[in-house]
Each structure stands twice: as C-alpha cells, then as structure tokens.
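Step one of this worksheet: look at the structure below.
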Amino acid sequence: MKVEMEDIDDSTICDSVSSLVEGCRLPVHMTGTSDWPLAEIISIKDVQGAKCYYVHYVDFNKRLDEWVTEESLDTRKVHFPRRDGGSNTGVSTPKKAHIGGGGPIGSVSRPSSPVAGSELVNGSAVLAAALQKRINRKRKGPSLESEDSQDGPAQLPPGPRQSGSMVSHHDDIVTRMKNIDLIELGKHRIKPWYFAPYPQMVNLSCIYICEFCLKYRKSRKCLERHLVKCNLRHPPGNEIYRKENVSFFEIDGRKNKVYAQNLCLLAKLFLDHKTLYYDTDPFLFYVMTIFDSRGFHIVGYFSKEKESTEDYNVACILTMPPYQRKGYGKLLIEFSYELSKFEGKTGSPEKPLSDLGLLSYRSYWAQTILEILISMKPVGDNEKPQITINEICELTSIKKEDVISTLQNLNLINYYKGQYIITLNQEIMQSHKKAMETRLIRIDPKCLHWTPKDWGKRAKW
C-alpha cells in the first residue's frame with residue numbers, strides 16, 4: 001500500500017544538521033537566556049566554512065530573530081516543511097513575491113534564502129516598488145494600496161485610511177529578515193529590530209545616520225564629510241514646545257519631504273507592523289528632542305494625518321531605543337492628546353499598535369483617567385463625586401471607546417440599582433500613586449505655542 005508523506009508524523013530525529021533546510025522548525029537556544037523555544041529556520045548561510053542559521057522564535061516578537069550556529073540547534077525533534085508549503089505547527093510561511101515586476105506571485109513550497117546583494121534584499125528595489133505604487137495611486141485616485149505583496153497595487157477594502165507614510169503589511173521574502181546589523185545615530189550605536197529598505201545599503205556592518213537631518217551614509221568618513229556641510233542642529237520645522245531641555249518640532253510632510261521619508265526609514269527599523277509608504281504629503285510629524293550644547297537630539301516622534309475622518313490623533317509613534325523606559329513614550333502620548341485638547345477634539349491612535357505601543361497606551365489611559373477620578377471632589381455634603389463618561393472624554397481628549405475599555409480593564413465599572421457606577425478601591429489608588437511618583441516628566445500646556453490649522457482647505461497643504 002502506498003503511504004503519502006503527509007500522513008506520517010513529521011517530527012523526526014535529525015541525523016545531521018546538513019539535512020536541515022529552510023522552513024524546518026526545532027528547539028533553538030535563545031541568546032542571553034537559558035531557554036530553548038521552538039524556532040523556524042528562515043535562512044542558511046556559510047561563514048568561513050561554518051553554517052549559520054537565521055531563526056525566528058515562533059511565539060516571540062520578530063525583534064528577537066537572530067543568526068545562530070550549529071551549537072544552538074537541538075536536532076532531536078525537527079519539524080520538516082510540508083510538501084504543500086504549509087506549516088506543520090500552525091503558522092504559515094509567506095510565499096515568495098517578485099519585486100516591482102508586476103507579475104504574478106510565484107507559489108513555492110518554501111521561500112529561498114535572500115542572496116546577499118541580490119535585487120530581492122536591495123532596499124533600492126523596495127523603494128522603487130513603493131514609488132511605483134505611489135504613481136499608480138495617483139493614476140487611480142486616493143485609495144491606498146495593500147502591501148501584502150510587492151507586485152503592484154492591490155485595492156484595500158473600504159475602510160479607514162492607513163497610517164502616516166506607513167501601512168500595515170504581512171511578512172514577505174524581503175522583509176522577513178533584518179538586513180542591517182547596526183546604525184550609528186549621534187553618540188548611540190543601536191541594533192535594529194526589523195527590516196528597513198535603506199537603498200544601496202546591503203551588506204554593510206553599520207549605517208551612519210546624521211542625527212539632525214537623518215540622511216544616511218555608508219561609512220563614518222562619509223558622515224564626517226556630510227556633517228561639515230550640514231547646517232541643521234534641529235529638525236527642519238517649527239519648534240512648538242519647549243520646557244527645560246525637551247522640545248517638540250512640527251514637520252510638514254509636504255514641505256520637508258526628504259526629512260519625513262528619512263524619518264520613516266529610521267522608524268521602520270523599530271516598527272514591524274508597518275511598512276513604508278512614501279507619500280508623506282498628507283501627514284504632520286512631531287519630533288521630540290532633548291537639547292544640549294551640540295544641538296537638538298531626536299528622542300522619538302509621532303506622525304498624524306492632516307485630515308482624519310476617524311479622529312485619529314496618531315498614525316505612527318516611536319521612542320528611540322536608547323530613550324525607552326525613561327518616561328519619554330508617555331510624554332509623546334501625552335503631547336498628542338494635548339494637541340487634541342487644543343483642537344477641541346477627542347482622539348485615538350491608529351491600529352494596529354505594536355506590542356510595546358499598546359502597553360504604553362493602556363498605561364497612559366489608566367493613569368490619566370485615574371488622575372481625574374481621584375482628584376474629584378464631592379458635589380455636596382454626604383454626596384459622592386459624580387462624573388459621566390463624556391465628561392472624562394472632554395477633560396482628557398481620550399476617545400469614548402478607549403475610556404470605556406480602560407475602565408473595564410481596571411474592573412472599575414459596576415452595575416448598581418439600574419445604573420453604572422465607578423468604584424475605586426484603596427489598592428487601585430495606592431498603585432496609581434506609586435506609578436505617578438515615577439512619572440517625573442510631564443507636558444506643561446503653558447509651554448505649547450501652537451494654533452491648529454484647517455486642513456480642509458487644500459490650498460494650505
């Protein structure tokens with residue numbers, strides 16, 4: 001009787017690492033830990049006669065993907081890829097896509113490794129594809145294209161506009177692997193987390209970026225020559241906020257297109273759930289900096305649509321890794337809501353948020369709403385403080401759905417005698433007090449000098 005391979009358990013003991021192929025899944029020792037989580041082999045290469053394996057840890061964020069050697073592989077139980085290209089562990093591997101050719105997506109059992117220097121991993125090819133999409137978009141009208149494949153424009157289903165020069169994407173053969181080892185930005189050397197399509201920067205150990213204009217160079221010597229000519233010491237835009245050494249600059253994506261595109265390239269190194277879209281005209285970029293004798297150094301930024309039909313007040317948001325866990329992420333979020341207050345609107349960030357972004361927003365919403373509730377005074381003698389959801393929205397500029405979901409997550413809403421009431425217990429109040437003691441930097445509305453524009457008049461673009 002003939003037995004199909006698909007009917008046999010594919011978890012086998014591997015006699016040798018030489019039989020491992022891309023798509024295999026097996027336990028791998030995660031660098032810096034004692035754990036051996038399940039990982040998928042994305043690519044294999046030879047380095048001075050020894051094989052190296054680029055692996056993705058299946059249940060972990062892609063920023064932990066890394067190159068490992070044979071010693072880190074546990075070959076006692078290997079899941080080999082199925083013939084039909086599906087995954088044996090329930091997570092699919094993307095199919096190979098042709099870049100910029102406009103042809104069909106070729107269906108293959110497993111994607112082949114990106115070859116160093118080939119067109120597939122060259123950022124120029126991705127840039128060319130994105131620019132072609134922009135041309136196609138202008139021909140066809142204002143609808144945005146899906147980045148699910150790199151072949152050409154595909155219509156999105158009707159829905160809200162996608163985010164600030166970046167749109168949601170699914171993995172493909174190009175973006176699945178980190179393509180840059182290090183960047184040097186000012187005094188910081190940073191390891192990128194994800195792929196970013198820097199043109200003509202393939203196989204460089206480090207990319208050197210001017211921290212003021214964000215132009216990128218292939219060597220420190222090239223950067224030094226650039227710095228002699230670069231006269232910027234702050235982002236090219238209007239400084240709309242300054243308190244002590246923290247400043248915010250507003251950059252128009254149409255007036256400062258090159259800076260905006262370079263900012264998006266830089267951000268893509270640390271944002272996985274978005275991929276670049278090079279039409280920056282409809283967006284404003286708010287860059288947070290800290291000031292010293294050398295100039296204004298970028299800490300983070302968020303982008304925002306000039307006109308948002310969905311009341312989004314943030315498109316993309318990022319705190320640079322050297323400044324994370326220092327309160328700057330919440331400061332960016334707080335600033336975005338301060339702008340919404342000046343506009344007299346409620347706002348919400350575009351979805352999906354990254355895992356770290358979601359944690360920051362949930363924490364900010366909880367602290368801001370609790371701050372309002374705890375500071376409320378009773379209306380009269382023996383009366384308990386009263387406030388409506390709409391009043392919380394007006395005071396904080398947080399959108400109603402986010403207020404309700406936050407109160408639900410904190411288990412503060414109770415149904416009592418035909419109405420919903422908010423109940424604060426001592427544990428919640430103590431936890432909030434402790435959290436606020438660590439939040440040392442805050443936005444001071446008196447230091448914001450900004451007037452909202454009516455972007456409905458196209459001439460102002």
Side-chain angles (χ1 to χ4, degrees), residues 22-43 52-68 72-74 79 87 89-94 111 114 121 126 147-148 162-164 166-183 185 188-198 264-276 300-302 314-326 328-330 332-333 349-364 409:
E22 291 150 15
C24 285
R25 297 188 175 205
L26 71 167
V28 175
H29 178 229
M30 183 184 285
T31 302
T33 72
S34 57
D35 299 328
W36 291 74
L38 181 68
E40 179 181 351
I41 296 174
I42 305 298
S43 181
C52 290
Y53 304 83
Y54 190 86
V55 297
H56 165 64
Y57 299 101
V58 173
D59 292 322
F60 293 82
N61 191 281
K62 273 173 57 180
R63 63 176 164 267
L64 298 174
D65 293 3
E66 59 182 340
W67 287 100
V68 298
S72 298
L73 307 178
D74 182 355
H79 296 270
S87 166
T89 51
V91 182
S92 62
T93 299
V121 294
V126 181
E147 290 281 4
D148 291 356
Q162 300 292 321
S163 61
M166 296 188 181
V167 295
S168 303
H169 75 87
H170 295 293
D171 292 345
D172 58 33
I173 188 62
V174 180
T175 63
R176 209 161 182 223
M177 290 173 57
K178 299 173 193 174
N179 60 328
I180 296 166
D181 294 330
L182 280 173
I183 63 166
L185 182 71
H188 301 289
R189 276 205 157 198
I190 312 169
K191 288 193 69 147
W193 295 352
Y194 309 109
F195 172 93
Y198 274 91
C264 292
L265 271 172
L266 176 63
K268 181 62 192 77
L269 292 168
F270 308 102
L271 293 172
D272 178 46
H273 64 294
K274 305 284 185 181
T275 192
L276 287 181
Y301 90 103
F302 65 88
V314 164
C316 291
I317 186 167
L318 172 71
T319 306
M320 297 299 295
Y323 299 98
Q324 291 178 359
R325 298 180 179 273
K326 297 180 180 180
Y328 290 113
K330 280 201 181 72
L332 276 168
I333 296 171
E350 279 195 28
K351 315 302 186 296
L353 288 163
S354 67
D355 55 344
L356 298 178
L358 183 59
L359 288 173
S360 295
Y361 265 96
R362 282 179 174 167
S363 176
Y364 172 81
N409 288 336

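Keep in mind that what you see is a predicted model, and the values were worked out from it rather than measured.
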Check: [Y] and [X] side chains under 4.5 Å, non-hydrogen atoms:
X	Y	value
P322	H188	yes
L38	D59	no
L266	L318	no
S43	Y53	no

**Message:** Working note: Y301 + C316, criterion side-chain contact (heavy atoms from CB on, under 4.5 Å); need CA distance, chi angles, decisive distance, verdict.
**Reply:** CA-CA 8 Å; Y301 90 103; C316 291; 3.7 Å; yes
**Prompt:** Residues two or more places apart in sequence or in another chain: which of them pass salt bridge (charged side-chain N to carboxylate O under 4.0 Å, His left out) with D181?
**Reply:**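 Testing D181 for salt bridge (charged side-chain N to carboxylate O under 4.0 Å, His left out), a comparison that skips the adjacent residues, returns none.
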**Item:** Test salt bridge (charged side-chain N to carboxylate O under 4.0 Å, His left out) applied to D35 - qualifying residues, sequence neighbours left out
**Value:**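 None.
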Please find the pair of heavy atoms, one from [X] and one from [Y], that lie closest to each other, and give the distance.
X	Y	result
V28	L73	CG2-CD2, 3.7 Å
F270	I183	CZ-CD1, 4.1 Å
W36	S72	CZ3-O, 3.2 Å
P37	M30	CG-CE, 3.8 Å

**Message:** Run V68 and H29 through side-chain contact (heavy atoms from CB on, under 4.5 Å) and show every step you take.
**Reply:** CA-CA 9 Å; V68 298; H29 178 229; over 6 Å; no
**Request:** Decide, yes or no, whether a salt bridge links R63 with D355 under the criterion of side-chain N to carboxylate O below 4.0 Å.
**Result:**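 Salt bridge present between R63 and D355.
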**Prompt:** Please walk me through it: do M177 and F195 pass side-chain contact (heavy atoms from CB on, under 4.5 Å)?
**Reply:** CA-CA 6 Å; M177 290 173 57; F195 172 93; over 6 Å; no
When rounded to the nearest 0.5 angstrom, what is the spacing between [atom1] in [X] and [atom2] in [Y]?
X	Y	atom1	atom2	result
L269	C264	CG	SG	11.5 Å
I333	Y328	CD1	OH	15.5 Å
C24	H79	SG	NE2	10.5 Å
K330	T319	NZ	OG1	10.5 Å
Y194	N179	OH	CG	14.0 Å
S354	L359	OG	CG	8.5 Å

**Message:** Determine whether L353 and Y361 satisfy the following criterion, side-chain contact (heavy atoms from CB on, under 4.5 Å), listing intermediate values before the conclusion.
**Reply:** CA-CA 9 Å; L353 288 163; Y361 265 96; 4.0 Å; yes
**Request:** Show the numbers, then the answer: is there a side-chain hydrogen bond (donor to acceptor under 3.5 Å, both in side chains) between E66 and Y57?
**Result:** CA-CA 9 Å; E66 59 182 340; Y57 299 101; 2.5 Å; yes
**Message:** Which residues pass the ring-ring contact (aromatic ring centres under 6.0 Å, His included) test with Y54, not counting sequence neighbours?
**Reply:**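 For Y54 the ring-ring contact (aromatic ring centres under 6.0 Å, His included) partners, ignoring immediate neighbours, are W67.
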